[in-house]
Protein chains: 2
Amino acid sequence: MPQKNFDEIRELDLFSKLKDESFSKLMRGAYFKQFPPQIELIDEGDSADFLHILTSGAVELFSRWENRETTLATVFPISTFILAATMTDLAYLMSARTLEKSQIILIPSEDVRAVFSEDRDFANAIVLELARCYRGVVRTTKNLKLRSASERLANHLLVLHKRMDRRNSLTLPYEKRRLASYLGMTAENLSRTFTLLAENGVEVHGKEVVISDLGKLEAFARPTSLIDG
Amino acid sequence: MPQKNFDEIRELDLFSKLKDESFSKLMRGAYFKQFPPQIELIDEGDSADFLHILTSGAVELFSRWENRETTLATVFPISTFILAATMTDLAYLMSARTLEKSQIILIPSEDVRAVFSEDRDFANAIVLELARCYRGVVRTTKNLKLRSASERLANHLLVLHKRMDRRNSLTLPYEKRRLASYLGMTAENLSRTFTLLAENGVEVHGKEVVISDLGKLEAFARPTSLIDG
DNA sequence: CAAACTAATTGATAAACATCAATTACAGTT
DNA sequence: AACTGTAATTGATGTTTATCAATTAGTTTG
């Protein structure tokens, strides 16, 4: 198992304050796997045997019901995913698939729970991470219930803009159909919503989005920290 | 502060395995307050100074954005609410109001965090509770994104039915307009959806709901444990 | 118990959004 | 560069859901 990746994940909020002993205990039982694109890593309903850490590539969390499917999140390096199922030893509620070739570290859930009980700093980090995830999903719910599709898109663009160091030009980090699913609309509707936003300070060329009039976009989106962070 | 309520909340999952010492530490700084109906307890954005425990009455968690409002949850005794904000020392993401006359115990967030660091069993309980809440909101998101309004109503009735000991007759524990808001639809649409469900084994008279044909309702709702628990 | 208020329902209409089909754009392969 | 498969867009249409207005039912209050 390459040392490089150990150093990387050691930096994660979840592990940074960990005793070396605890960290080794976690890594001792860990698998380090490489996956090609479009591999289904997790099928919702499976038992949560491993905590997953994505160190390179990209992973989509999604869910299916009655031949419908929706994207719940896109995970980029370096992040953990499905921590809650790991901690409660319950079935995964989301499925996961790689979007690109991805490197993933798999830590047995038992080990995570064991170190959680032994190491106070780890327990603290886990709670903060869980609370952060929880608050993220609460924001998502508010977004879905309080806003229309075009408002969700506008605000999402503002979030990306902020994340991209407030540059007025940005590249969508995923396919449009996945963005549409994430925002709770169809790809067709997303496309039409983009043309609507042309009158509100947004220009789109393929995956390139230019925010030509930030003021207009903000006036349309009316972002709030209580939804958009 | 009446002893009666201490005994009650001692039974909560969150406190049941707690050392007596830790429990007293939490209760030492706690306020015990009675509120009339329709009092706004929390305004989203406020700092999370207290963990709330509802011991009698009912509380609605809701959120507002741009003169729209949506119900996120209804809390019944005995439950805690807004644990995540308490643990992270961040602003509340939801507002809260009493629906009825309610008794609420307020524990200073600092005390909760202090006992969390000292008492391993409490830390465990907190993590399980947070994970449970998180998974609850993930289910909500899946419900909203994967199902139509009528499917959400049908499944919600099945959840209530199960909770009410599987009796074929049940009383809605909240007003219909709140149910509508919770399910992400208007009151008018809820009303029409109830008439639609008449052909699928459901009879409604005011707040009384009779499930006259469970098989039909289930065939329509297609419940799954991965959304409905 | 009537008055006054609020919630729930119903009908008519409009807006938002999805679906289906057809085309265009793009990316990867040979 | 032509071929192939997938993604994105566009147009036509249909469904779902919201809005507005009016009425009815149900609760609370004096």
Side-chain angles (χ1 to χ4, degrees), chain A residues 36-38 58 60 65-71 74 97 99-101 143-156 171-200 202-209 220, chain B residues 36-38 58 60 62 65-71 74 97 99-101 143-154 156 171-200 202-209 220:
Chain A
Q38 302 301 330
E60 179 182 29
W65 182 75
E66 294 285 325
N67 92 358
R68 295 167 218 176
E69 185 179 309
T70 191
T71 300
T74 311
R97 70 163 76 92
L99 294 176
E100 311 164 8
K101 185 174 139 183
N143 199 29
L144 284 169
K145 292 181 79 178
L146 291 167
R147 285 174 172 162
S148 69
S150 54
E151 288 165 342
R152 294 198 293 275
L153 175 58
N155 279 291
H156 189 70
T171 307
L172 296 175
Y174 17 63
E175 292 165 293
K176 284 188 183 154
R177 69 200 180 105
R178 286 180 213 285
L179 175 58
S181 178
Y182 174 70
L183 292 174
M185 58 176 116
T186 57
E188 293 94 326
N189 195 26
L190 176 70
S191 190
R192 288 185 246 269
T193 305
F194 266 125
T195 52
L196 175 83
L197 287 188
E199 289 141 38
N200 291 283
V202 177
E203 284 164 39
V204 191
H205 317 92
K207 290 195 167 187
E208 294 303 307
V209 176
F220 179 85
Chain B
Q38 302 300 332
E60 180 181 28
F62 65 100
W65 182 74
E66 293 285 326
N67 93 357
R68 296 167 218 176
E69 185 179 309
T70 190
T71 300
T74 311
R97 69 163 78 92
L99 295 176
E100 312 165 7
K101 185 174 140 184
N143 199 28
L144 284 169
K145 292 182 79 178
L146 289 168
R147 285 173 173 163
S148 70
S150 53
E151 288 165 341
R152 293 198 294 274
L153 174 58
H156 188 71
T171 307
L172 296 175
Y174 18 63
E175 292 165 292
K176 283 187 183 156
R177 68 199 180 107
R178 286 181 213 285
L179 175 59
S181 178
Y182 173 71
L183 293 174
M185 57 176 115
T186 58
E188 294 93 325
N189 195 26
L190 176 69
S191 190
R192 288 185 247 269
T193 305
F194 266 125
T195 52
L196 175 83
L197 287 188
E199 289 141 38
N200 292 283
V202 177
E203 284 164 37
V204 191
H205 317 93
K207 289 195 166 186
E208 295 303 309
V209 176
F220 179 84

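Proteins come first, then strands; the chains are lettered A, B, ... in the order of their sequence lines, and each starts at number 1. The figures that follow rest on heavy atoms only: side chains count, while hydrogens, waters and symmetry mates do not. What you are looking at is a predicted structure, and each value in this text was computed from that prediction instead of being measured.
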For this session: Report yes if the side chains of B:Glu60 and B:Tyr174 come closer than 4.5 Å at any heavy-atom pair, otherwise no.
Result: no
For this session: May I have the distance from B:Leu179 (atom CG) to C:dA7 (atom C1'), rounded to whole angstrom?
Result: 14 Å
Problem set entry | B:Phe62 atom CZ, over 12 foreign heavy atoms within 6.0 Å | yes
Problem set entry | Donor-acceptor pair between B:Thr171 and B:Glu208 side chains, under 3.5 angstrom | yes
Problem set entry | Student check: side-chain heavy atoms of B:Lys176 and B:Lys207 closer than 4.5 Å | no
Problem set entry | A:Thr74 vs A:Leu179 side-chain heavy atoms within contact, under 4.5 Å | no
Problem set entry | salt bridge (charged side-chain N to carboxylate O under 4.0 Å, His left out) partner of A:Glu69, the single match among A:Arg97, A:Arg177, A:Arg178 | A:Arg97
Problem set entry | Positional range of nucleotides in DNA chain D within the contact set of chain A, heavy-atom, under 4.0 Å | D:dA7 to D:dA12
Problem set entry | Heavy atoms from other residues, nucleotides or ligands near OH of B:Tyr182 exceed 12 (cutoff 6.0 Å) | no
For this session: Output the distance between atom CG (A:Asn155) and atom OG (A:Ser150), rounded to the nearest 0.5 Å.
Result: 10.0 Å
Seminar exercise, completed: Readout for nucleotides 15-20 of chain C: B = base within 4.0 Å of protein heavy atom, S = sugar-phosphate only, - = neither; 5' to 3' it is --SSBB
